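Structure, as structure tokens:
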Amino acid sequence: MPRRQGRVSRQRVRAAWLFLIPMLVVLAGVAGWPLLRTIWFSLTDASFSDLSSYHFIGLENYLVYDDGAWYGVLADPVWWHAVWNTVFFTVVSVSLETVFGLVIALTLNMQFRGRGWVRAATLVPWAIPTIVSAKMWGWMLHDQFGIINHLLLGMGVIDAPLNWTANPDLSMWAVIMVDVWKTTPFMALLALAALQMLPSDCYEAAKVDGINPVRVFFRVTLPLITPALMVAIIFRVLDALRVFDVIYVLTSNSEDTMSMSVYARQQLVQFQDVGYGSAASTVLFLIIALLSITYLYLGRKQIGGDA
């Protein structure tokens, strides 16, 4: 009997690999080859002016000491400012999206008239392409024609129009506001799915015992939906770390809001420096890969500990 089970198990593994091989081949061609090519270019002095002629220079695009000074991506203060902008954007936007998404999910989980319509309307920002929503908000935040300034002036909140996307003190917050509006429905959807799967017995017992709803939320609901929230948060963190479109559409190459992706694009496309831009892209890839591997390791360790 054990031999038969082992044979069936091996057959299942072979069948699984047969189904996976076509996907792995496509993935290697679509993602693997461009990634390896980017890493290779980061070790050269390639330029868009002549991609057919370049030389291997090792790690000089990353960090090199020459004539008493450090050069390369890791020595560029603009790069580190872009790293700080990206981290700040990620922490603030994902935190706000998690809180707002949880509040919306709790609201949509209740029984009320027209709940289906409200759920559909909540997903509209998520359904709009990021470029379209960023351009739409760019006009809404315009200092001369924007509806946001018009409303704030009408309510007496401000005395003069604000240049939301050009003011160094406001531009990052404007980008965060647009991203939160766009992505909160994603967090709400995953949180709502987790809430829908919770057992009702716990809540009925808490209601009979007269336990405060706030206490029920923190002692029962939140611990039960934490795994789903963590999945949503890690997806959003990885997505926010490589943010490009919403920042570039709203503020272009401004250093006040420049992310790591915008920095890499500027070096690669605007400055035509393929080697240097590829080095910045590779560093960004390594950061995201390290976070992903860490999350998977901790998640597997958590599951093993629970088992």
Side-chain angles (χ1 to χ4, degrees), residues 28 30-94 130 134 165-176 179 237-295:
V30 173
W33 169 245
L35 174 61
L36 293 176
R37 190 170 174 82
T38 299
I39 296 174
W40 165 249
F41 274 136
S42 71
L43 303 175
T44 68
D45 60 354
S47 173
F48 264 132
S49 59
D50 186 8
L51 271 178
S52 62
S53 176
Y54 53 83
H55 302 89
F56 180 81
I57 60 174
L59 299 176
E60 291 185 14
N61 285 320
Y62 295 93
L63 191 65
V64 62
Y65 187 77
D66 187 28
D67 290 336
W70 291 96
Y71 300 94
V73 172
L74 299 180
D76 188 355
V78 179
W79 162 257
W80 289 111
H81 188 62
V83 172
W84 163 250
N85 286 339
T86 307
V87 172
F88 181 80
F89 170 85
T90 300
V91 172
V92 176
S93 62
V94 174
T130 305
T165 57
N167 189 326
D169 298 325
L170 298 175
S171 54
M172 179 57 76
W173 291 106
V175 170
I176 291 174
D179 187 74
V237 167
L238 296 178
D239 192 43
L241 285 174
R242 58 183 180 84
V243 61
F244 171 80
D245 39 14
V246 64
I247 290 180
Y248 188 75
V249 171
L250 288 173
T251 61
S252 189
N253 290 322
S254 172
E255 291 188 12
D256 298 317
T257 57
M258 180 180 289
S259 66
M260 292 185 284
S261 295
V262 175
Y263 176 91
R265 181 263 171 200
Q266 184 186 52
Q267 301 296 328
L268 223 137
V269 178
Q270 186 172 341
F271 297 160
Q272 302 285 296
D273 195 338
V274 176
Y276 200 90
S278 297
S281 301
T282 302
V283 173
L284 174 57
F285 163 75
L286 292 176
I287 292 173
I288 295 176
L290 181 61
L291 287 175
S292 302
I293 293 172
T294 303
Y295 174 77

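These numbers come from a predicted model, not from an experiment.
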task: Can you label the angle between the F88 ring and the W84 ring as parallel, tilted or perpendicular, going by 30° and 60°?
output: tilted
task: Using the six-membered ring wherever Trp is involved, compare the ring planes of Y263 and Y276 and label them parallel, tilted or perpendicular (cut-offs 30° and 60°).
output: tilted
Any non-hydrogen side-chain atom of [X] less than 4.5 Å from a side-chain atom of [Y]?
| X | Y | result |
| --- | --- | --- |
| F48 | L268 | yes |
| S261 | V243 | no |
| V269 | Q266 | no |
| Q270 | R265 | yes |
| V83 | M260 | yes |
| L43 | N61 | no |
| D256 | T251 | no |

Nearest 0.5 Å please: distance from the [atom1] atom of [X] over to the [atom2] atom of [Y].
| X | Y | atom1 | atom2 | value |
| --- | --- | --- | --- | --- |
| F244 | L284 | CZ | CG | 12.0 Å |
| F285 | L290 | CZ | CG | 10.5 Å |
| L74 | L59 | CG | CG | 9.5 Å |
| I287 | S292 | CD1 | OG | 11.5 Å |
| E60 | S42 | CD | OG | 12.0 Å |
| D245 | L250 | CG | CG | 9.5 Å |

Nearest heavy atoms of [X] and [Y], plus distance in Å:
| X | Y | answer |
| --- | --- | --- |
| R242 | L238 | CG-O, 3.4 Å |
| T257 | N85 | C-ND2, 3.7 Å |
| S93 | T90 | OG-O, 3.5 Å |
| W80 | A75 | NE1-N, 4.4 Å |
| A279 | Y62 | O-CE2, 3.6 Å |
| Y71 | D66 | CE1-O, 3.3 Å |

Donor-acceptor under 3.5 Å ([X] side chain, [Y] main chain):
| X | Y | answer |
| --- | --- | --- |
| W33 | A28 | no |
| S259 | T86 | no |
| S171 | N167 | yes |
| D45 | H55 | yes |

task: Begin with the C-alpha distance, continue with both residues' side-chain angles, and end with the deciding distance and a verdict on side chain to side chain contact (heavy atoms under 4.5 Å, CB included) for W79 and V283.
output: CA-CA 11 Å; W79 162 257; V283 173; 3.4 Å; yes
Any side-chain donor near an acceptor of the partner, S49 and S47, under 3.5 Å: yes
